[in-house]
Amino acid sequence: FFFQAEDGIRDKLVTGVQTCALPISLADVQPLFVADGQFLAGCAQLCRVPLQTAADQKLSHAVILRMRHNVAVYDEYGIADGFHDVNGQWHATSDRTRQLLRDAMGTPSAGPHLWFVDEGDSPSLLGPCHLVLEDGTDIGVVHALPSHLPIGYHTITPAEGGPDTLVVVSPRTCPPPPHGWGVAAQVYSLWRPDGWGVGDLRDVERLGQLVASAGGVAMLLSPLHAPAPSMPQEPSPYYPSSRRWLNPLLIPLDGTPSQHGFSVPDAPGALIDRNVAWAAKRARLSQLFRQQVGDPVWRGWARSQGSDLWRFASWCALADRYGHNWREWPSEYRHPDSPAVADLPLHDQEFADRCEFHAWLQWMAHTAVQRTAASAGVRLIGDLAVGCRPDGADGWLYQDLMALGMGIGAPPDPFNEAGQDWGLPPFVPWRLRAARYAPFIGMVRAALQGMGGLRIDHVMGLFRQFWVPAGGGPSNGGPSHG
């Protein structure tokens with residue numbers, strides 16, 4: 001599938017009908033990867049060696065990439081010596097830029113052992129190991145990985161002692177895409193006569209049904225990521241506070257604003273006022289929350305999300321009180337692991353209630369996505385933004401894993417001669433690996449909830465990024481390997 005999202009006029013439900021290519025085989029696109037073929041084959045071979053041996057510590061991204069290029073392109077931090085621009089001109093990474101990037105990353109340390117296994121394989125182990133599944137199920141001691149291991153992230157520990165290895169069981173192939181055409185929609189731009197001033201998931205459902213009735217099979221949506229709950233509301237879904245959680249503004253409500261005592265401009269073709277829309281919708285949602293606060297269904301779901309949901313809800317409650325920029329909060333609340341953050345709901349009932357409200361909002365948004373996916377009549381395709389804003393929830397939650405003094409961007413080129421700095425802080429590769437990629441895994445899983453596919457914005461960022469030092473400008477940036 002190939003879709004191109006585009007903006008549209010709010011009184012038009014369909015914001016752009018696109019064609020899509022039929023699936024093609026890897027052999028059809030293999031010429032595109034000729035330069036990387038040997039490298040990928042080597043990596044595939046390496047990934048199937050149980051990473052419990054001393055030899056594993058001698059391999060790094062830098063070593064593998066030098067095997068690929070046959071020159072010392074990346075240093076031990078994963079920072080490139082330079083890059084070729086679109087005209088083939090070489091731009092060397094300056095010593096100053098390299099040092100700034102190194103300072104932002106910190107000194108890399110050896111991360112956990114990772115072992116990638118195809119679903120259904122049953123490779124032998126170097127010795128007996130204790131196997132625990134991702135859901136906590138204890139399989140006991142095994143001498144080979146069971147062929148029925150579910151897709152996911154499991155842990156083996158040598159029975160005679162030694163470091164854990166994270167076993168990543170991946171599907172052999174992606175699910176086949178539907179054959180046919182679809183549409184792309186910026187959700188906020190959709191409109192209906194009984195709307196609340198901004199497009200929401202009920203509009204997605206109605207558009208999907210119209211597309212299905214016309215023979216369409218899929219619909220690509222703009223990102224559903226969460227902005228800060230405070231004012232002013234962030235207009236761009238590509239500059240979210242969190243990529244892990246959903247935007248409550250997308251929750252559909254019964255009735256019109258006027259029926260519930262609110263005034264929200266909703267003329268077709270009018271500009272969207274998110275601040276007015278969110279104020280009204282939040283007030284109505286607060287009324288509903290008071291009616292459902294004791295419902296065991298949503299509380300059971302919230303418990304199933306573990307500490308991740310409560311930490312996000314805590315950030316939202318703090319943002320309600322102090323504003324969205326956590327770097328300007330009282331110092332005792334600027335880190336999620338602060339004792340002051342943990343103690344606050346114990347002696348501040350208003351704060352505790354707000355945390356529960358924000359957790360409930362996520363339950364409402366989650367169920368709305370599931371309901372929309374089930375009734376839209378087409379497969380929905382989600383969109384994962386390339387990053388998050390540095391002063392938002394993810395920046396607060398993952399501050400120890402990110403290079404907050406850097407922004408992802410692009411070097412100067414004919415498209416933008418000044419280059420680009422998107423203001424989105426990157427994850428530090430070795431720190432993300434040390435966290436066993438848990439934040440990224442959570443983001444992808446969340447973005448796929450109810451979806452038949454996922455578009456990853458600037459997907460090459462999974463492999464290499466262009467880092468721009470804060471205040472330095474894109475011309476002083478440098479490429480980094482993920």
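In this chain, residues are counted from 1 in sequence order.
Here the CD1-NZ distance, from I251 to K281, works out to 7.5 Å after rounding to the nearest 0.5 Å. How far CZ of F351 is from CG of L318: 4.0 Å, rounded to the nearest 0.5 Å. Here the straight-line distance linking atom NE2 of H481 with atom CD of Q465 works out to 10.5 Å at 0.5 Å rounding. The distance from atom CE of M443 to atom CG of L454, rounded to the nearest 0.5 Å, is 12.5 Å. Note that OG of S222 and CD of Q186 are 4.5 Å apart. Values are rounded to the nearest 0.5 Å.
Remark: aromatic rings of F466 and F83 are close, center separation under 6.0 Å.
With hydrogens and angles left out, the side-chain atoms of D138 and H130 include a donor and acceptor closer than 3.5 Å. Judged purely by distance below 3.5 Å, without hydrogens or angles, the side chains of Q99 and D103 pair a donor atom with an acceptor atom.
For R321, the side chain to side chain donor-acceptor pair (under 3.5 Å) criterion is met by D348, not counting sequence neighbours. Take H91 and apply the side chain to side chain donor-acceptor pair (under 3.5 Å) test, not counting sequence neighbours, and it matches D85. Taking the salt bridge (Lys or Arg N to Asp or Glu O under 4.0 Å) definition, one finds that R282 meets it with D320, sequence neighbours left out. Under the ring pair (Phe, Tyr, Trp, His ring centres under 6.0 Å) criterion, H458 pairs with W422, not counting sequence neighbours. Partners of R311 according to the salt bridge (Lys or Arg N to Asp or Glu O under 4.0 Å) rule, which considers only residues two or more places apart in sequence or in another chain, are D337.
Applying the ring-ring contact (aromatic ring centres under 6.0 Å, His included) test between H366 and each of W301, W298, W245 identifies W301 as the sole match. When each of L249, L246, L384 is tested with L224 by the rule side chain to side chain contact (heavy atoms under 4.5 Å, CB included), just one qualifies, namely L246. Just one residue in the list Q259, H260, R202 forms a side-chain hydrogen bond (donor to acceptor under 3.5 Å, both in side chains) with D254, and that residue is R202.
Two residues are said to be in side-chain contact when any heavy atoms from C-beta on lie closer than 4.5 Å; E76 and R102 meet this criterion. A 4.5 Å side-chain heavy-atom check between T155 and R436 finds at least one atom pair inside the cut-off. Between S241 and H324, every side-chain heavy-atom pair lies at or beyond the 4.5 Å cut-off. A 4.5 Å side-chain heavy-atom check between T107 and Y77 finds at least one atom pair inside the cut-off. A heavy-atom distance below 4.5 Å is not found between the side chains of L397 and M402. L253 has its side chain within reach of L285: a pair of non-hydrogen atoms, C-beta onward, lies under 4.5 Å apart. For the pair Y239 and L424, the minimum side-chain heavy-atom distance is below 4.5 Å. Using a 4.5 Å heavy-atom cutoff, the side chains of N247 and P227 are in contact.
Open room surrounds CZ on R96; 12 or fewer heavy atoms of other groups in view lie less than 6.0 Å from it. Heavy-atom contacts from other residues, nucleotides or ligands closer than 6.0 Å to CE of M231 number more than 12.
Although no hydrogens or angles enter the test, the distance criterion places no donor-acceptor pair under 3.5 Å between the side chain of W467 and the main chain of P425. Under the 3.5 Å distance criterion, the side-chain polar atoms of R243 are matched with a main-chain donor or acceptor of A385. Proximity of a side-chain donor or acceptor of H154 to a complementary backbone N or O of E134 within less than 3.5 Å is detected. Judged purely by atom type and a 3.5 angstrom limit, R334 uses its side chain to pair as donor or acceptor with the backbone of W329. Under the 3.5 Å distance criterion, the side-chain polar atoms of D164 are left unmatched by any main-chain donor or acceptor of T157.
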Would you please test R299 and E356 for salt bridge (charged side-chain N to carboxylate O under 4.0 Å, His left out) and show each step? CA-CA 9 Å; R299 289 188 173 278; E356 290 204 334; 2.8 Å; yes
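Salt bridge annotation for R445-D308: absent, with no cationic side-chain nitrogen under 4.0 angstrom from a carboxylate oxygen.
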Show which side-chain atoms of residues 288-296 pair as donor or acceptor with protein atoms under 3.5 Å away, not counting sequence neighbours.
unit_1	atom_1	unit_2	atom_2	d
Q292	OE1	W360	NE1	3.4
D295	OD1	V297	N	2.9

